[in-house]
Engineer: 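Quick one: the structure is below, and I'll ask about it shortly.
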Amino acid sequence: MNRTSPFLLVLHKLRMLALHLMIVLVWGMIFTACQHDQPLVQDPWSITKVDSTQFVREHHFWKGFNFLVTDSMALSSALPGEVGSIFVRDSTWVIDDDPLVVVNLASVPNDSIDSMWVMVAKDPQTLGWVRRSELHQCAVPDNTISRCIHAFSDVRLLVLLCSLSAALLLFFIQRLRHARIQIVHFNDIQSFYPTLLCIVVSGSAVLYGALQQFAPEVWEEFYYHPTLNLFAREPLSLRIFIISLWTMLIVGIAVVDDLRKQPGVVDGVAYLAALSGVCMVLYLFFTLSVHLYIGYPLLLGYWVFALRRHFFHNSTRFRCGHCGNALHHVGKCPYCGAVNE
């Protein structure tokens, strides 16, 4: 009977232990190689999800909202805090009149400029991230009313309109001194509609400035979701503003129709141009003056002046049969000398 030597038995156990260790080592190397490398430095930025209800209430838009670019801006390919995006970030530029749609939103609380970032896309190949404040500055909601509001709020356009309106007004004042042209408040036509139009425009301008100053959230909501529906569920101040816009349009049509029926109008086109210039000056003046708190008493004073000029100076019962100018009584015309009986 053969017996195994104790030395051989120990050697066999050592071989089996070495084999097990090699198997464990190989499997450990395989699993280690399959793991992804993690950044060794802790990311100083933190990215959190966005509460849709709170964001819509504060910023008035959400995913799927459409914008139109008004000034060139860069779209970042990555958010702050993503690997490789803190120091080097590729950018894609969008230019004027490019349409954009909101794809995603993210909150970066540690961003000192703006904690809210928005992903927008022009097309499937052109998309990226931009701060919400920069998007608000360089893009406008893609609808006609919002684009009109943005155009009339543009500082450069306001300066241009001020210059053109002042030049137009000075031109007609100069013509008025030499040729006695007809203009609202001074040698006006026999109609109350031009005076009413100026009153409505000045009132709408004050209300427009007051909404921006005292109810910015209401105005911003109207800016992103405008409506001209008189029966929409809007705040009272905004509903009054919408009514004033419709009143302005209706009175403007009435002015044109009444001007066409006036027999003594020398030049209807020149009168409408002068009336447009006066309305533009009123809009610009009262919109800017209301922010200095002097627009409210000035509006009341202007209304008293406009009504007084119409009912005590421009409202006459007679007109000269020769030159068409207004006469307070029959007899010799003070403008052309013709005798009216």
Engineer: Say whether, by atom type as modelled, one donor and one acceptor occur between the side chain of Arg239 and the main chain of Glu234 under 3.5 angstrom.
Structural biologist: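 Present.
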Engineer: Between Asp258 (side chain) and Val255 (backbone), is there a donor-acceptor pair under 3.5 Å?
Structural biologist: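 Pair absent, no side-chain N/O of Asp258 close to backbone of Val255.
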Engineer: Honestly curious: do Ile149 and Phe214 fall in one hydrophobic cluster under the side-chain, below-4.5 Å linking rule?
Structural biologist: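 Same cluster: Ile149 reaches Phe214 through Ile, Leu, Val, Met, Phe, Trp or Tyr contacts under 4.5 Å.
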Engineer: Tell me if a side-chain donor or acceptor on Thr126 pairs with a main-chain N or O of Lys122 at a distance below 3.5 Å.
Structural biologist: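 No; zero donor-acceptor contacts below 3.5 Å.
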Engineer: Taking Leu298 as the starting point, is it possible to reach Leu300 by hopping between hydrophobic residues whose side chains are less than 4.5 Å apart?
Structural biologist: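 They do not share one cluster, since no chain of ILVMFWY contacts under 4.5 Å joins Leu300 to Leu298.
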Engineer: What verdict does the side-chain hydrogen bond (donor to acceptor under 3.5 Å, both in side chains) test give for Gln212 and Tyr223, after you've listed the backbone C-alpha separation in whole Å, the side-chain angles of each residue and the deciding distance to 0.1 Å?
Structural biologist: CA-CA 11 Å; Gln212 290 183 321; Tyr223 175 69; over 6 Å; no
Engineer: Does any part of the side chain of Leu259, heavy atoms only, come nearer than 4.5 Å to the side chain of Leu272, both counted from C-beta?
Structural biologist: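 Leu272 vs Leu259: side chains touch.
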Engineer: Does the plane of the ring in Phe67 sit parallel, tilted or perpendicular to the ring in Tyr224? Use 30° and 60° as the thresholds.
Structural biologist: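 Rings of Phe67 and Tyr224: perpendicular, as their planes differ by over 60°.
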Engineer: Under 3.5 Å, is there a donor-acceptor pair between the Trp303 and Ser202 side chains?
Structural biologist: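 Distance-only check passes for Trp303 and Ser202.
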Engineer: Indicate if Val69 and Trp93 have the same hydrophobic cluster label, given that clusters are the connected sets of ILVMFWY residues with side-chain heavy-atom separations under 4.5 angstrom.
Structural biologist: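 No: no chain of side-chain contacts under 4.5 Å links Val69 to Trp93.
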Engineer: If you take the centroid of each ring, where Trp contributes its six-membered ring, are Phe311 and Phe192 closer together than 6.0 Å?
Structural biologist: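 Centroid distance Phe192-Phe311: below 6.0 Å, so yes.
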Engineer: Flag yes if more than 12 heavy atoms outside Trp246 fall under 6.0 Å of its CH2 atom; otherwise flag no.
Structural biologist: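 No, because the 6.0 Å sphere around CH2 of Trp246 holds 12 heavy atoms or fewer from other groups.
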Engineer: For residues Asp98 and Ile95, determine if any side-chain heavy atom of one lies less than 4.5 Å from a side-chain heavy atom of the other.
Structural biologist: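 In contact.
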Engineer: Please say yes or no: joined through hydrophobic side-chain contacts below 4.5 Å, possibly via intermediate residues, are Leu236 and Leu211 part of one cluster?
Structural biologist: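 Same cluster: Leu236 reaches Leu211 through Ile, Leu, Val, Met, Phe, Trp or Tyr contacts under 4.5 Å.
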Engineer: Would you please indicate yes or no on a ring centroid separation below 6.0 angstrom for Phe65 and His225?
Structural biologist: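 Yes, the ring of His225 comes within the 6.0 Å limit of the ring of Phe65, centre to centre.
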Engineer: Is the backbone N or O of His310 less than 3.5 Å from a side-chain atom of Thr195, with the two atoms forming a donor-acceptor pair by type?
Structural biologist: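 Such a contact is absent between Thr195 side chain and His310 backbone.
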Engineer: Sequence neighbours excluded, which residues qualify as side-chain contact (heavy atoms from CB on, under 4.5 Å) partners of Asn143?
Structural biologist: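 Scan of Asn143 (side-chain contact (heavy atoms from CB on, under 4.5 Å), adjacent residues dropped) gives Pro141, Ile145, Ser146, Pro226.
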Engineer: Side chain of Asp114, backbone of Ser133: donor and acceptor closer than 3.5 Å?
Structural biologist: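 Yes.
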Engineer: I would like to know whether Phe241 and Trp219 meet ring-ring contact (aromatic ring centres under 6.0 Å, His included); could you show each step before the answer?
Structural biologist: CA-CA 11 Å; Phe241 177 73; Trp219 180 254; 5.7 Å; yes
Engineer: Shortest non-hydrogen contact from Val140 to His150?
Structural biologist: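 Heavy-atom minimum between the residues: CG2-CB, 3.8 Å.
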